[in-house]
Amino acid sequence: MKVTDHLKNAKGTIFSFEVLPSLKGRDIQDLYDGIEPLIEFDPSFINVTYHREEYIYKKLNNGLHEKIAARKRPGTVSICAAIKNKYRVDTVPHLICGGFSRDETEIALIDMQYLGMDNVLALRGDPVKGEGTFVPDRDGHANASTLVKQISEMNHGRYLDDEIVEGIPTDFCIGVAGYPEKHFEAQNLKTDLKFLKEKVDAGADYIVTQLFFDNNKYFEYVEACRKAGITVPIIPGLKPITTLKHITFLPKTFHIDIPEALADELEKCKNNQQVMEVGIEWGIQQTKELIKAGAPCIHFYTMGKSEAVKRIMKAAF
Ligand code: FAD
């Protein structure tokens with residue numbers, strides 16, 4: 001079932017979460033171990049991230065280094081199929097522009113269609129680790145809006161090969177990303193919203209936000225989107241802070257602020273356990289307030305760890 005149908009049929013706020021594919025060489029059970037504790041809360045859908053190649057430097061016998069492209073977390077589409085099959089839950093594979101030509105994108109979408117997937121989250125993807133700017137593949141998409149357009153075209157039976165005259169239309173519900181604190185490359189929020197609207201006009205059905213810790217930023221963002229003429233559902237994305245490392249890692253990686261009140265509490269913490277308690281309490285209050293304000297869905301970034309999300313769900317839903 002499509003994400004938008006879940007939202008339409010819901011009597012209140014629904015619950016969903018995101019997982020990362022297991023590291024190459026590990027068992028898929030690692031992934032299931034992160035999912036199982038959350039199944040009792042009846043998630044409407046589960047997202048699976050897509051990870052492009054990274055460049056690693058392998059030392060050769062002659063002392064020189066060879067640059068090698070490696071994908072550490074493969075399997076997004078097959079993992080979606082496996083989760084759907086095992087838990088009877090709808091899944092949302094992420095699809096990125098980086099590393100894909102338009103033709104490869106089409107093939108990935110055909111695979112998803114054959115596997116019975118109704119949803120896809122269309123993203124540009126970040127620059128390759130260690131590279132400052134995003135470089136599209138030869139004949140790939142430079143931003144998410146043209147990727148959305150390609151999916152939309154397929155939803156109308158229009159494939160890249162114009163010799164296909166009556167192509168079977170796919171029927172994907174298309175999600176895209178939004179940034180309440182602005183995407184880090186955007187000059188300002190106004191231009192970011194202009195490009196967000198471009199994604200919606202190209203065929204996106206809903207938006208999932210980057211994680212945030214200050215609900216006011218989400219409320220203001222929704223208001224700004226509505227003023228900009230963006231009418232699709234905007235799903236808030238939440239990630240509980242659970243380790244000392246997160247305090248610096250999350251703002252640096254996701255370009256988001258930690259509100260002063262939360263930072264003050266975290267400053268008192270001496271170990272991960274104390275951080276986790278603060279993070280969970282903050283997550284409970286955030287979730288309760290978002291539900292009260294009528295958020296369509298609460299989407300959690302689990303990053304493979306379910307304990308904190310489980311405690312938030314128990315207390316807030
Ligand atoms: P876009 O919408 O293309 O925007 C990127 C930047 O370009 C923005 O600054 C925007 O303002 C600007 N822009 C857009 N269109 C144009 C245009 N026509 N001309 C000029 N500028 C333009 N990354 C992964 O690699 N794998 C994942 O699985 C993944 N999952 C994610 C899930 C969510 C919910 C979110 C919020 C992010 C996720 N990301 C993932 C990260 C995402 O790929 C990065 O944030 C990336 O830098 C931007 O992707 P986007 O789809 O928002 O890009």
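For ligands, and for the atoms within them, numbers begin at 1 and follow the listed sequence.
Ion pairing between a basic and an acidic side chain is recognised when a charged N comes within 4.0 Å of a carboxylate O; Arg311 and Glu277 show such pairing. The pair Asp171-Lys2 counts as a salt bridge, with a side-chain nitrogen and a carboxylate oxygen less than 4.0 angstrom apart. Salt-bridge formation is detected for the pair Lys217/Glu181: a Lys NZ or Arg NE/NH1/NH2 atom is positioned less than 4.0 Å from an Asp or Glu carboxylate oxygen.
Of all protein heavy atoms, the one lying nearest to atom 38 (C) of ligand 1 is Leu123 CD2, 3.7 Å. When hydrogens are left out, the protein atom nearest atom 36 (C) of ligand 1 is Ala177 CB, 3.4 Å; that is the closest non-hydrogen contact. Closest to atom 23 (N) of ligand 1, if we only count protein heavy atoms, is Gly125 CA, 4.1 Å. At the shortest separation from atom 7 (O) of ligand 1 among protein heavy atoms lies Arg124 NH1, 4.1 Å. For atom 30 (N) of ligand 1, the closest non-hydrogen atom of the protein is His94 ND1, 3.1 Å. At the top of the distance list for atom 10 (C) of ligand 1, counting protein heavy atoms only, stands Asp192 OD1, 3.5 Å. The protein atom (non-hydrogen) at minimum distance from atom 24 (C) of ligand 1 is Tyr50 O, 3.6 Å. Considering only non-hydrogen protein atoms, atom 20 (C) of ligand 1 sits nearest to Phe195 CZ, 3.4 Å.
Using a 4.0 Å cut-off between heavy atoms, His299 makes no contact with ligand 1 at all. The part of Leu121 lying near ligand 1 is the side chain, judged by heavy-atom distances below 4.0 Å.
Atom-to-atom distance recorded for Leu290:CG and Gln285:CD is 11.5 Å, nearest 0.5 angstrom. Rounded to the nearest 0.5 angstrom, Lys197 NZ and Thr231 OG1 are separated by 8.5 Å.
With ligand atoms numbered from 1 in the order given, ligand 1 contributes 24 (C), 25 (O), 26 (N) to contacts under 4.0 Å with heavy atoms of Ile96. Within ligand 1, the atoms closer than 4.0 Å to a non-hydrogen atom of Ala186 are 9 (O), 11 (O), numbered from 1 in the order shown. Near Glu198, meaning under 4.0 Å from any of its heavy atoms, are these atoms of ligand 1: 18 (N).
Cation-pi geometry between Lys239 and Phe300 is not met at under 6.0 angstrom from the ring centre and within 45 degrees of the axis.
Other residues, nucleotides and ligands place more than 12 heavy atoms under 6.0 Å from the CG atom of Asn62.
Considering backbone and side-chain N/O atoms, Tyr179 comes within less than 3.5 Å of an N/O atom of ligand 1. By the 3.5 Å distance cut-off applied to N or O atoms, Lys199 is counted among the residues near ligand 1. Where the criterion is an N or O separation shorter than 3.5 Å, residue side chain and backbone included, Ala144 meets it with respect to ligand 1. At a 3.5 angstrom cut-off on N or O pairs, Gln210 does not count as close to ligand 1. Any N or O atom pair closer than 3.5 Å counts here, and Asp126 shares at least one such pair with ligand 1. Polar contact with ligand 1: present for His183 (N/O pair, distance under 3.5 Å). On a distance-only criterion, Thr191 and ligand 1 share no N/O pair closer than 3.5 Å. Residue Phe184 has no nitrogen or oxygen atom sitting less than 3.5 Å from a nitrogen or oxygen atom of ligand 1, judged on distance alone.
A distance-only check finds no donor-acceptor pair linking the side chain of Glu106 to the backbone of Tyr159 [under 3.5 Å]. With hydrogens and angles ignored, the 3.5 Å screen pairs a side-chain donor or acceptor of Gln274 with a backbone N or O of Lys270.
In plain terms, the two heavy atoms of Cys269 and Val278 that are nearest each other are SG-CG2, 3.7 Å.
A search for ring-ring contact (aromatic ring centres under 6.0 Å, His included) contacts involving His299 returns Tyr301, not counting sequence neighbours.
Protein non-hydrogen atoms do reach within 4.0 Å of atom 18 (N) of ligand 1.
Shown are Lys24, Lys72, Lys67, Arg71; of these, the salt bridge (Lys or Arg N to Asp or Glu O under 4.0 Å) with Glu54 is made only by Lys72.
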